Amino acid sequence: MATIDDEEAMFETLDPVPSEIATAISDGLNAFNESAEIRREAFIVWRENGRLIAGITASVSFSVLFIGNLWVAESLRLSGIGRKLMAAAEEEGRRRAAVAACVDTLSTQAPDFYPKLGYVEFGRVSGHAGGLPVDRIWFRKEFSVAA
């Protein structure tokens, strides 16, 4: 086990965080989680003519599919691509033995989208961004178990 000599250790607060540091921290945690089979990541993308137009990041951890980011090019929003990406992520989650899914969004983004897909709100934290009230909302969806 490593020890830290306080005379040589240095803590820093970084703002903005350099991308190589953010990547090193994420890669370190992901490597541990992957080796312990705690978390498995999946990325699903939608391309047209080789151009990335939408994507979703997700991971399965402790039998729960966690949706990270869902993005659809602005010109294609409300076209059904987001719904198709969510369905693909849920299918991949089930394939990886997930029994439920969780996702969060902001009240200024897509709070009405997830309930239309069967998600139920289970948490909310109120805050402010740019002087305006904004809530972070968490949703959960139980997957039906095949008989």
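Worth saying up front: this structure is predicted, and the values here are computed from it rather than measured. These numbers come from the heavy atoms of this one structure, side chains and all, not from hydrogens, waters or symmetry mates.
- Put simply, the side chain of W138 does not reach to within 4.5 Å of the side chain of T105, judged on heavy atoms.
- Taking CD from Q109 and CZ from R136, the interatomic distance works out to 8.0 Å, rounded to the nearest 0.5 Å.
- Put simply, the side chain of K141 gets close to the backbone of L117: a donor and an acceptor are under 3.5 Å apart.
- Scanning both residues, A89 and I56, for their nearest heavy atoms gives CB-CD1, 3.9 Å.
- One finds the CZ atom of F139 at 11.5 Å from the SG atom of C102 (value rounded to the nearest 0.5 Å).
- Side chain of R140 to backbone of Y119: no donor-acceptor contact under 3.5 angstrom is found.
- One finds the OG atom of S79 at 10.5 Å from the CZ atom of R77 (value rounded to the nearest 0.5 Å).
- Annotation: side chain of L85 is in contact with side chain of L70 (closest heavy-atom distance under 4.5 Å).
- Transitive grouping of hydrophobic side chains (ILVMFWY, heavy atoms separated by less than 4.5 Å) brings L76 and F113 into a common cluster.
- Side chains of V134 and H128 form no contact here, defined as non-hydrogen atoms less than 4.5 Å apart.
- Other residues, nucleotides and ligands contribute at most 12 non-hydrogen atoms within 6.0 Å of the CD atom of E91.
- Atom CD1 in I81 sits 4.0 Å away from atom CD1 in I53 (nearest 0.5 Å).
- Listed here is the closest heavy atom pair of P111 and P115: O-CD, 3.2 Å.
- Counting only heavy atoms from C-beta outward, the side chains of Y114 and E121 never approach each other to under 4.5 Å.
- L106 contributes atom CG, which lies 7.5 Å from atom CG of D104 (distance to the nearest 0.5 angstrom).
- Both V125 and F122 belong to a single network of hydrophobic side chains, linked directly or stepwise wherever heavy atoms of I, L, V, M, F, W or Y lie under 4.5 Å apart.
- T57 is not listed as a side-chain neighbour of W71, based on a closest heavy-atom distance of 4.5 Å or more.
- Ionic pairing of R94 and E92 is not present here: no N-O contact between side-chain nitrogen and carboxylate oxygen is shorter than 4.0 angstrom.
- Considering every non-hydrogen atom in both L65 and A98, the closest pair reads N-CB, 3.8 Å.
- Here the closest non-hydrogen pair linking D135 and S126 is OD1-OG, 2.9 Å.
- Taking CD of E90 as the reference point, atom CD1 of I67 lies at 7.0 Å (rounded to 0.5 Å).
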